[in-house]
Each structure stands twice: as structure tokens, then as C-alpha cells.
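Note sheet for the following structure.
A, B, ... follow the sequence lines: proteins, then strands. Residue 1 opens every chain. Please read these numbers as outputs of a predicted model, since none were measured by experiment.
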Protein chains: 2
Amino acid sequence: MARPRRRLLSRERIVAAALALVDAEGLDMVSTRRLATELGVSGPSLYNHFTTKDDLLDAVVDTVLGEVDTDMFRALGAGECDWRTALRDWARSYRAALAAHPNLVPALAQGPGRRPNALRLADAVFGGLVDAGWPRAQATRVGAIMRYFITGSALGSFAGGFPDDAEVYAGEYPHLDQAHLLADRQREIDESAFEAGLQALLDGLALQYRQAVR
Amino acid sequence: MARPRRRLLSRERIVAAALALVDAEGLDMVSTRRLATELGVSGPSLYNHFTTKDDLLDAVVDTVLGEVDTDMFRALGAGECDWRTALRDWARSYRAALAAHPNLVPALAQGPGRRPNALRLADAVFGGLVDAGWPRAQATRVGAIMRYFITGSALGSFAGGFPDDAEVYAGEYPHLDQAHLLADRQREIDESAFEAGLQALLDGLALQYRQAVR
DNA sequence: ACCTGAACACCGTTCAAGT
DNA sequence: ACCTGAACACCGTTCAAGT
């Protein structure tokens with residue numbers, strides 16, 4: 001027993017298995033012991049690669065953030081597109097990355113910390129906005145605003161949160177008499193709300209931009 | 001032993017103790033056993049009042065949502081204010097309620113479920129917007145958009161998420177050379193980002209409203 | 001009806017022991 | 001260096017037993 005001749009684990013392999021487990025069974029089902037079993041290894045082995053379970057989940061989150069595209073901010077810096085377009089495309093890419101792993105989102109809501117990809121996103125957005133003429137203080141706010149909206153939209157479906165049982169609303173909540181139908185159209189409603197909200201946000205920010213640079 | 005002559009617990013007392021514990025030590029520190037100890041009672045006693053720990057946390061969340069003011073939508077229905085004002089005041093009240101219990105926010109992100117106060121909020125907002133002339137489908141979206149933004153802004157500070165150690169950014173993230181200063185001004189930055197985002201959102205939604213009702 | 005202690009099947013993490 | 005089993009101090013929840 002003890003140690004085999006070939007390395008059994010790596011950070012990458014552990015992260016991939018953890019993400020698969022989160023997606024398949026939810027964040028609650030990720031225990032170090034369960035994950036180790038999934039990897040064909042004993043529980044404490046993971047501690048050779050991560051100092052704590054939180055450290056491991058941090059790495060999982062950063063892997064997902066790695067899927068977010070930030071190239072549009074390079075194009076923005078090169079004057080090949082405007083800040084609205086860049087921000088819109090980035091927001092969609094960000095949301096798509098989070099929406100691909102809905103069970104992970106609660107673990108995602110803690111600021112960038114020291115996660116490389118989280119910092120990469122913040123750096124790209126802030127740099128892009130400043131390049132486009134936003135004053136630094138406002139660029140910081142715009143970055144925050146976008147993160148609020150995007151993580152909020154990923155974190156828990158709006159439509160899916162309503163019970164599909166009409167009894168729940170009867171009498172008590174007069175305006176919600178159609179709410180039990182929301183669950184069935186969840187994806188469509190969340191998607192269109194995200195797009196409408198993104199549009200509204202960019203329109204509103206454009207007004208603030210005109211104030212700022214005039 | 002066994003049972004004392006007078007009732008030791010009630011749902012209200014348990015919820016209050018749980019919320020105090022969340023605020024004081026974080027969501028992770030709320031275990032049924034720890035909470036029971038805090039209440040001077042043995043662990044399993046809680047199960048006479050809540051079916052599961054999740055059920056208990058649901059009640060805690062609903063209590064916090066109970067602090068959110070929705071009276072502005074009555075004023076809106078009575079024609080005493082416009083939808084922008086109502087939505088703005090409601091958003092501030094909502095955020096204030098969440099910001100008062102930052103440690104709880106991760107537990108908050110699951111849609112209304114069957115929580116009475118969550119449904120009360122959804123009902124008031126949707127009803128108010130429809131009264132103000134928003135088409136039903138769009139009113140649903142506006143409700144979702146506001147929830148995205150507000151929960152996103154409560155959920156994890158933006159500014160506070162950046163390490164205050166300048167070393168983290170040096171070289172790697174050129175645009176973040178001032179980011180280590182964010183943590184100190186966390187409250188101010190999050191607050192002003194919320195206000196700027198709310199303003200942008202309402203400005204953008206006003207454009208959509210004019211499209212919808214013209 | 002409401003509280004208790006004992007019990008079951010789990011956790012995250014540490015650590016000495018193995019190769 | 002990297003994996004193991006044993007161990008520690010916890011969990012959430014069930015249940016028979018008490019009043």
C-alpha cells in the first residue's frame with residue numbers, strides 16, 4: 001500500500017473531478033471523502049495538493065472563470081470597437097461561463113481574492129474602460145456594477161425559484177396568479193431578463209459616460 | 001430531565017438566535033448543535049420546530065426579507081408616485097435589508113420558494129409595475145432584473161474582495177496597480193457603485209418603458 | 001406536545017507510517 | 001514526494017424514552 005509507483009493525483013485532475021461532481025450532484029455533495037472516492041484514492045490524499053477544501057473550491061471557481069473571454073478589451077484598446085460592445089460581449093461570455101455550472105455559483109460570490117483568472121477579468125475590464133476614456137473612479141464602479149448584475153443573474157434562476165403549484169399563490173398573492181407557469185419557461189425568461197437588463201444597464205451607463213467625458 | 005414544565009423553544013426564538021449567530025460568526029458556524037447550545041437546549045430539540053436545517057435557514061432568510069419595505073407600491077397603485085421612484089426606493093430598502101446581514105446572503109440566493117415574505121416582495125413589485133402600465137411579460141423581466149442587481153450587489157462586496165497586498169498585482173495585472181487600496185474604501189465604493197448602477201438601470205428601463213407604452 | 005440521550009452515518013483535517 | 005489507515009472533533013438527523 002502506502003504510495004504507488006506512479007503519481008495518482010494532480011491539481012488539475014482533482015479540480016476536474018470536483019467540477020464534474022458539482023455539476024452532477026450539487027455543491028453539497030462535494031465532500032473531500034466523496035471526491036477522493038470518485039478519484040479512486042483515500043480521503044486525506046487531497047491534502048497533498050490543496051491546503052483546505054476551500055482552497056480546492058477556489059481553484060474550481062478559478063477554472064470556470066478561465067472560460068470567460070476578455071479578448072474584446074484588447075480590441076477595445078486597439079480602437080477596433082467601442083466600450084459598449086466590449087462590455088456587452090464580455091457580460092455574455094461571463095454569464096455563459098457561470099450558467100454552464102449553476103450549482104457552483106454560490107461558491108463564486110466572494111470577490112476575486114487571489115484567484116488568477118478573477119484578477120485577470122478585473123484587470124481587463126478596468127483597463128479597457130480606462131482606455132475607452134472612462135475616469136478611473138467611474139471605471140471601478142462600472143466593473144462593480146457589471147459584476148453585481150452578472151453574478152446576480154447567474155446565482156439562482158429568477159423564474160425557476162417560483163413553485164409551480166398554483167395553490168401557493170391563491171388568495172394570498174393576487175398579482176402572482178400566473179406565477180406557477182414561470183418554472184416551465186425558466187430558461188427563456190431568465191435569458192430574456194438578462195438581455196433586457198444588460199441593454200438597460202448599457203443605455204444608462206452611456207448617459208453617465210456622456211456626462212463624464214464631456 | 002426530558003421535558004420541562006414550560007416550553008423552552010419557539011420558531012421565533014430559534015430564528016432570532018440563528019440570525020444572531022450568522023451575523024456574529026458566519027453561516028458556516030451555524031450548526032444545529034451549536035445553535036442548540038446557544039439556546040441552552042440539546043441538539044435534536046430543534047427538530048420539534050423545523051423539519052430540517054434548510055427549513056430553519058429558510059425561515060431566517062424570510063425574516064430578513066420581512067424588513068424590506070413595499071409600501072411604495074401601494075402609493076404607486078394610488079397614483080401618488082411614478083414607477084421609477086417606487087422601484088428606486090424599494091431597491092434601496094431591499095439592499096439595506098441584505099447588507100445588514102452580509103453573512104446570510106449566500107443562503108439567500110434561491111428564488112422565493114414558498115417563503116411568505118419573498119412572495120410578498122415579488123407580488124408587490126409585479127403588481128406595482130403592471131399598475132404603472134408595464135406589460136405583464138416585461139414587468140416579470142423588470143422584477144428579475146432588479147433582483148439580479150440587488151442580490152448581486154449584496155452578495156459579496158466588490159471592493160472588499162481585492163487583497164490589500166500590492167504584491168498580488170505587481171507585474172501581472174498592470175491596470176490593477178491601485179487595487180490594493182480598494183479594501184480600505186470598501187463601503188464607500190460598494191455604496192456608490194450600487195447607486196450608480198441603480199441610476200443606470202432605471203434610466204435604461206425608462207427607455208424600454210417608453211417603447212412599450214407608446 | 002416537546003425535550004432528552006444514545007445512536008447512525010457521515011464530515012474536514014492531522015499525523016505517523018509506509019514506499 | 002505522495003499516498004495510506006487510524007484518529008480527533010465535529011456534523012445532520014432519527015428514534016425510543018421520558019414527562
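- Under the Watson-Crick or G-U wobble criterion, with both distances below 3.5 Å, D/dG12 is paired with C/dC8.
- With C/dT4, D/dT4, C/dG12 as the choices, the nucleotide that has an atom nearest any side-chain atom of A/Tyr47 turns out to be C/dG12.
- Between B/His49 and C/dA1 there is no side-chain N or O to OP1 or OP2 distance below 4.0 Å.
- If you check C/dT13, D/dC15, C/dC2 against the side chain of B/Pro44, the one that comes closest is D/dC15.
- Pairing for D/dC3 is absent, with no Watson-Crick or G-U wobble pair whose two atom distances lie under 3.5 Å.
- In this model, the phosphate group of D/dC11 is approached by a side-chain N or O of B/Ser31 to a distance below 4.0 Å at OP1 or OP2.
- Distances shown here put a side-chain N or O of A/Thr32 below 4.0 Å from the OP1 or OP2 atom of C/dG12.
- Looking at A/Gln208, its side chain does come within 3.5 Å of a backbone N or O of B/Ala196 through a donor-acceptor pair.
- At C/dC3, none of the side-chain N or O atoms of B/Ser45 fall inside 4.0 Å of OP1 or OP2 (strictly under the cut-off).
- When side chains are defined from C-beta on, B/Thr140 counts as touching A/Leu182, because their heavy atoms get closer than 4.5 Å.
- Relative orientation of the B/Tyr169 and B/His180 rings is tilted, given thresholds of 30° and 60° on the angle between their planes.
- Atom CZ of B/Arg141 and atom CG of B/Leu129 lie 12.5 Å apart (nearest 0.5 Å).
- In the set D/dT4, D/dC2, C/dA7, the nucleotide with an atom closest to the side chain of B/Arg33 is C/dA7.
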